[in-house]
Amino acid sequence: MAEVAAGEFLLNHIADIDESSVANLQDNLHIIRSHLDMDIAFISEFDNDNRVVRYVDSKVSQTLLKPDSSDPADETYCRKIVDGELPGFIEDASVHPATSKMPITERLNIYTYLGVPVCLPDGTVYGTLCCYSHRPDQTVRQRDLSLLNVFAAFAGKQIERHLEYNRTTIEVYERVKSVLDTHALEIVYQPIYHIRLQKVVGFEALSRFRTEPYRTPDVWFDEAAQVGLSRELEMLAVQQALKGLKHLPEDCYITVNIAPDNIANGSAAEVLADYDSARVVLEVTERARIEDYEVLRSALAQLRASGVRLAIDDAGAGHASFQHILEIDVDIIKLDLSLIRNIHKDRPRRALAAALKAFADVKESVVVAEGVETEAELKVLESLGIDKAQGYYIAKPMPLEEALAFLSSAQS
Ligand code: G
Ligand code: MN
């Protein structure tokens with residue numbers, strides 16, 4: 001990522017995400033300034049030849065020293081303190097021979113001053129921690145510097161954590177961005193089989209990422225969410241997935257996985273505008289958090305009106321409290337593969353699957369069993385009156401070409 005883009009990204013996202021460590025530094029700066037009864041306390045960073053103010057606490061709301069403001073380092077106390085050219089404690093900077101002639105003394109109205117270097121845990125100098133008053137203050141002592149030093153060591157550790165967090169976040173951002181830029185994502189399609197009709201009626205589209213080392217789709221989507229790119233990545237996947245529609249027979253649908261946020265914020269509707277909505281099912285996992293059911297319901301109402309169906313994915317996996325299937329009108333309930341595994345040998349699983357089927361009947365929705373791996377499992381599902389099945393026993397997820405070939409061999 002170009003430096004500018006990275007910087008912009010940092011400003012827009014990391015500040016929001018990494019609020020707690022910033023808040024900690026800010027709180028501690030306030031404590032130390034109040035304790036010493038100074039007018040200003042700040043932490044600076046040396047950035048090339050500049051001294052950049054990073055965190056400020058001030059007695060009054062208006063201050064000349066603003067976060068992100070910078071000065072040539074050579075003109076600041078900070079540089080001189082780190083270089084050993086200034087003492088850490090200056091009782092009155094307006095008369096001290098080393099500072100009285102420095103323009104910054106008057107400009108920032110500095111009188112009594114305390115300052116110490118801030119080092120990162122590996123010993124490199126990050127910047128300084130300083131405080132000063134706008135009047136000579138005889139109560140400040142040389143020994144107050146030791147308190148400042150303790151806090152500087154602590155701040156150094158915290159800043160290192162913050163920098164490390166920024167570095168990894170940028171790494172994640174660049175990784176996801178490169179997938180977005182190069183469309184390094186493939187869609188595979190897994191048949192959905194109608195048990196009673198004995199035919200394939202639709203396909204679930206699943207993303208596979210063409211990257212080394214291979215990482216599962218959930219890792220990619222989690223990382224995208226971490227850096228604010230979840231919408232972009234998911235929409236790319238949905239868009240690619242729906243391209244399959246024109247190759248499939250008219251009576252075949254495609255189901256895509258989508259985060260409830262991307263339904264609520266209108267992204268789903270945007271992408272679907274170009275397709276025959278009646279052939280599209282949106283799958284929302286029972287795992288996903290839904291902030292506001294009302295907002296989601298209203299977005300869904302509009303989509304529904306255009307014919308889109310909604311499925312709740314991973315039901316019965318114990319991730320959530322069945323809240324989604326209670327709160328939203330769903331067309332399809334997809335039973336999680338953990339519920340299907342060995343269902344022929346396991347009464348509790350059978351009972352839960354039957355209960356969900358009964359629930360679905362009340363809600364007038366259809367049940368799809370996922371992860372069916374054996375004939376024995378399929379037989380049990382059939383006996384429970386479950387409508388549809390998906391899983392390795394029928395077919396693995398496969399590229400579109402293979403899915404089409406599978407379909408024509410299965411239907412003939
Ligand atoms: O979106 P969902 O949670 O339904 O994703 C299903 C995942 O399960 C996909 O990654 C798919 O490859 C995988 N899968 C599909 N069928 C089977 C199956 O029969 N057994 C197992 N173990 N995994 C499956
Ligand atoms: Mn799914």
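Note that ligands are numbered from 1 as they come in the structure, with each ligand's atoms numbered from 1 the same way.
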Asker: So, using ring-ring contact (aromatic ring centres under 6.0 Å, His included) as the criterion, who are the partners of Phe42 when residues are at least two apart?
Answerer: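 Not a single residue meets the ring-ring contact (aromatic ring centres under 6.0 Å, His included) criterion with Phe42.
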
Asker: Would you say that more than 12 heavy atoms from the other residues, nucleotides or ligands in this model lie under 6.0 Å from the CZ of Phe221, or not?
Answerer: yes

Asker: If you define the side chain from C-beta out and look only at heavy atoms, does anything of Phe151 sit under 4.5 Å from Leu129?
Answerer: yes

Asker: Which protein residues have a heavy atom closer than 4.0 Å to any atom of ligand 1, listed by chain and number?
Answerer: Gln190, Glu204, Leu206, Arg208, Asn257, Asp313, Asp314, Leu337, Arg341, Glu370, Gly371, Val372, Glu373, Gly391, Tyr392, Pro397

Asker: Determine, for Arg297 against Glu294, whether the closest basic-nitrogen to carboxylate-oxygen distance falls under 4.0 angstrom.
Answerer: yes

Asker: Quick one: how many protein N/O/S atoms are under 2.8 Å away from the Mn ion (ligand 2)?
Answerer: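 For the Mn ion (ligand 2), protein nitrogen, oxygen or sulfur atoms under 2.8 Å: 4.
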
Asker: Taking only residues two or more places apart in sequence, or in another chain, which ones meet Tyr275 in a ring-ring contact (aromatic ring centres under 6.0 Å, His included)?
Answerer: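 Partners of Tyr275 by the ring-ring contact (aromatic ring centres under 6.0 Å, His included) criterion come out as none, since no residue qualifies.
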
Asker: Is there a side-chain contact between Leu185 and Trp220 (heavy atoms, below 4.5 Å)?
Answerer: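 No, their side chains stay 4.5 Å or more apart.
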
Asker: Test Pro191 against every option in Leu407, Val201, Val200 by the side-chain contact (heavy atoms from CB on, under 4.5 Å) rule and name the one that passes.
Answerer: Val200

Asker: Less than 4.5 Å apart, side chain to side chain, heavy atoms only: is that true for Glu204 and Asn257?
Answerer: yes

Asker: Quick one: which of Val238, Leu245, Val271, Thr255 gives a side-chain contact (heavy atoms from CB on, under 4.5 Å) with Val280?
Answerer: Leu245

